[in-house]
Amino acid sequence: MIIYRSEKEIGKIKASCQVVARTLKVLEKEVAVGMTTRQLDRVAEDSIRRAGAAPAFKGYRGYPATLCASVNDQVVHGIPNDRPLREGDILSLDLGAILDGYYGDAALTVAVGKVDPRAIRLMEVTRDSLYRGIEQARPGNRVSDVSCTIQDYVESRGYSVVRNFVGHGIGTNLHEDPQVPNFGTRGKGPKIKEGMVLAIEPMVNEGSFEVRILADNWTVETIDHGLSAHFEHSIAVTKDGPVILSELEGE
Ligand code: MF3
Ligand code: CO
C-alpha cells in the first residue's frame, strides 16, 4: 500500500533526512587513509543521537550497526569493521535515521585519498544516474520511468545496475511501498503522485550486475570483484516535481 504524505509529514521526513545529511557530511570529512569503518560508525551514531534522533538501521532485521560501509567491490550493507581504509579505496556510506517517528535514508560513495580515475568515473556516473532518476519522479510519470532512466544512463556509460536491491517508499517505516528498481521498462508500475516519498538508490557496478551475499549474511559484493558505487536520496513528489529531502540545507 502506497501512503501519500501531507506537507506536514513531509516536513518531518525532511527533518530526519537532514540529520542523515549532516551526519554524512561529518563522515565525509572524517574519511581518511588509516581510519576504520568501525570508527566512522561511532561518529555516525554519536552525530545522529546528538540530533535527538536514533539510527534506523541498527537492529533492523538484526543489522548490527548504525552505518553501512561498503568498500570497493562491496555493493551495500557492509558491516563496519577494524580494517584500516587504504589509499585508493572507494567507500559507500549508507545511513538512516528516525526522528519523531519519521525515517530518513541517504547514501554516497567517497574516495579514500587519491583514487584511480576509473573509480572516479564510476562514482560520477552513479551520482548522475541518481539525479536523472530523481528528475523523473513527477506526477504523470510511473515508477518505472525513474527505473528506466537510471538503467539507460548507466548502461550507456558501459556499467551495469544491480538487480537484487532496489529503492523504496519511506516515511513511518524505513521500507514502504512502492519498490523503486534501478532497471525496467518505461510506463510500467505505479503512477507517481503528489505526496509520494521515495528513497531512490542506484547501485552501479563496473562489471557484471550479479552480486552475492557474504557469510556474515549482510555484506553484498560483486560476483566478478569489479568496483561498485551507491548514491541515494530520499525525495518527495510535489505537483511541481521532485524535492530532495536529504540534500543538506543551510547550516
Ligand atoms: N539504504 C539501504 C536500504 O534502504 C540500507 C538498509 S540497511 C539495513 O535498504 F540494515 F537497514 F538493512
Ligand atoms: Co534505502
Side-chain angles (χ1 to χ4, degrees), residues 2-3 5 13-14 16-21 23-24 27-28 37-38 40-42 44-45 48 53-71 74-81 91-99 101-110 126-127 129-131 133-134 137 143 146-147 150 161-183 196-205 211-221 228-237 242 244-247:
I2 297 175
I3 303 170
R5 303 287 175 183
I13 300 168
K14 180 170 175 178
S16 182
C17 287
Q18 289 296 306
V19 172
V20 171
T23 301
L24 285 173
L27 293 175
E28 249 188 287
T37 51
R38 198 185 303 279
L40 293 173
D41 186 68
R42 168 64 86 86
E45 181 163 357
I48 285 175
F57 299 167
K58 204 170 199 172
Y60 182 87
R61 295 174 184 244
Y63 187 73
T66 294
L67 182 67
C68 295
S70 309
V71 179
Q74 296 176 350
V75 177
V76 280
H77 302 166
I79 299 173
N81 63 27
L91 171 63
S92 297
L93 300 169
D94 188 354
L95 193 65
I98 177 167
L99 178 65
Y102 290 84
Y103 284 85
D105 188 5
L108 82 174
T109 303
V110 298
T126 307
R127 185 172 185 280
S129 78
L130 170 60
Y131 283 92
I134 289 171
V143 167
V146 174
S147 311
I150 291 171
V161 291
V162 171
R163 309 291 202 264
N164 301 47
F165 299 88
V166 298
H168 48 94
I170 183 166
T172 43
N173 284 289
L174 176 60
H175 295 140
E176 296 182 358
D177 288 339
Q179 292 198 348
V180 186
N182 300 298
F183 60 96
M196 278 175 114
V197 181
L198 305 173
I200 304 176
E201 48 178 321
M203 287 145 267
V204 174
N205 296 352
V211 299
R212 64 186 190 104
I213 297 176
L214 299 192
D216 64 16
N217 280 322
W218 280 104
T219 312
V220 178
E221 66 171 34
S228 187
H230 180 207
F231 283 80
E232 174 178 26
H233 272 309
S234 300
I235 66 108
V237 178
I244 302 178
L245 306 177
S246 52
E247 198 143 73

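Order of listing sets the numbers, starting from 1, for every ligand and every atom in it. A quick note: this is a predicted structure, and the numbers were derived from the prediction, not measured. Values below: all heavy atoms of this structure, side chains included; hydrogens, waters and symmetry mates excluded.
Only the side chain of D105 comes within 4.0 Å of ligand 1, judged by heavy-atom distances. In Y63, the part holding a heavy atom less than 4.0 Å from any atom of ligand 1 is the side chain. Only the side chain of C68 comes within 4.0 Å of ligand 1, counting heavy atoms alone; its backbone N, CA, C and O stay farther away. The residue F165 has no part lying near ligand 1, judged by heavy-atom distances below 4.0 Å.
E28 contributes no side-chain N or O that, together with a main-chain N or O of T23, makes up a donor-acceptor pair within less than 3.5 Å. Here the side chain of D41 pairs a donor or acceptor atom with the backbone of T66 at under 3.5 angstrom. Judged by distance alone, the side chain of N81 and the main-chain N or O of T37 form no donor-acceptor pair under 3.5 Å. Under a 3.5 Å cut-off, the side chain of Q18 and the backbone N or O of L245 do form a donor-acceptor pair. With hydrogens and angles ignored, the 3.5 Å screen pairs a side-chain donor or acceptor of S246 with a backbone N or O of S234. Side-chain N or O atoms of S16 include one that pairs as donor or acceptor with a backbone N or O of A97 at under 3.5 Å. Under the 3.5 Å distance criterion, the side-chain polar atoms of T172 are left unmatched by any main-chain donor or acceptor of Y102. Side chain of R163 to backbone of V161: a donor-acceptor contact under 3.5 angstrom is found.
A heavy-atom separation below 4.0 Å is found between H77 and ligand 1. Taking a 4.0 Å cut-off on heavy atoms, K58 fails to register as neighbouring ligand 1.
The minimum distance between the Co ion (ligand 2) and any N, O or S atom of E232 involves atom OE2. Closest N/O/S atom of D105 to the Co ion (ligand 2): OD2. The Co ion (ligand 2) sits nearest to atom OE2 when only the N, O or S atoms of E201 are considered.
The shortest N or O to N or O distance between Y60 and ligand 1 is not under 3.5 Å. Checking only distances, H168 does come within under 3.5 Å of ligand 1, N or O to N or O. For ligand 1, the polar-atom distance check against W218 finds no nitrogen or oxygen pair separated by under 3.5 Å.
Within the set H175, E232, M203, the minimum heavy-atom distance to atom 9 (O) of ligand 1 is found for H175. Looking at D94, I170, L67, it is D94 that brings a heavy atom closest to atom 1 (N) of ligand 1.
Atom CD1 in I244 sits 7.0 Å away from atom CG in L130 (nearest 0.5 Å).
With 2.8 Å as the limit, H168 counts as an N, O or S neighbour of the Co ion (ligand 2). In summary, no N, O or S atom of D94 is located under 2.8 Å from the Co ion (ligand 2).
Shown here is E45, whose CD atom has more than 12 heavy atoms of other residues, nucleotides or ligands within 6.0 Å.
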Inset, instruction - Starting from the C-alpha separation in whole Å, work towards a yes-or-no answer on ring pair (Phe, Tyr, Trp, His ring centres under 6.0 Å) for H175 and Y103. - result: CA-CA 9 Å; H175 295 140; Y103 284 85; 8.9 Å; no
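Annotation for ligand 1: atoms under 4.0 Å from non-hydrogen atoms of L174 are 11 (F).
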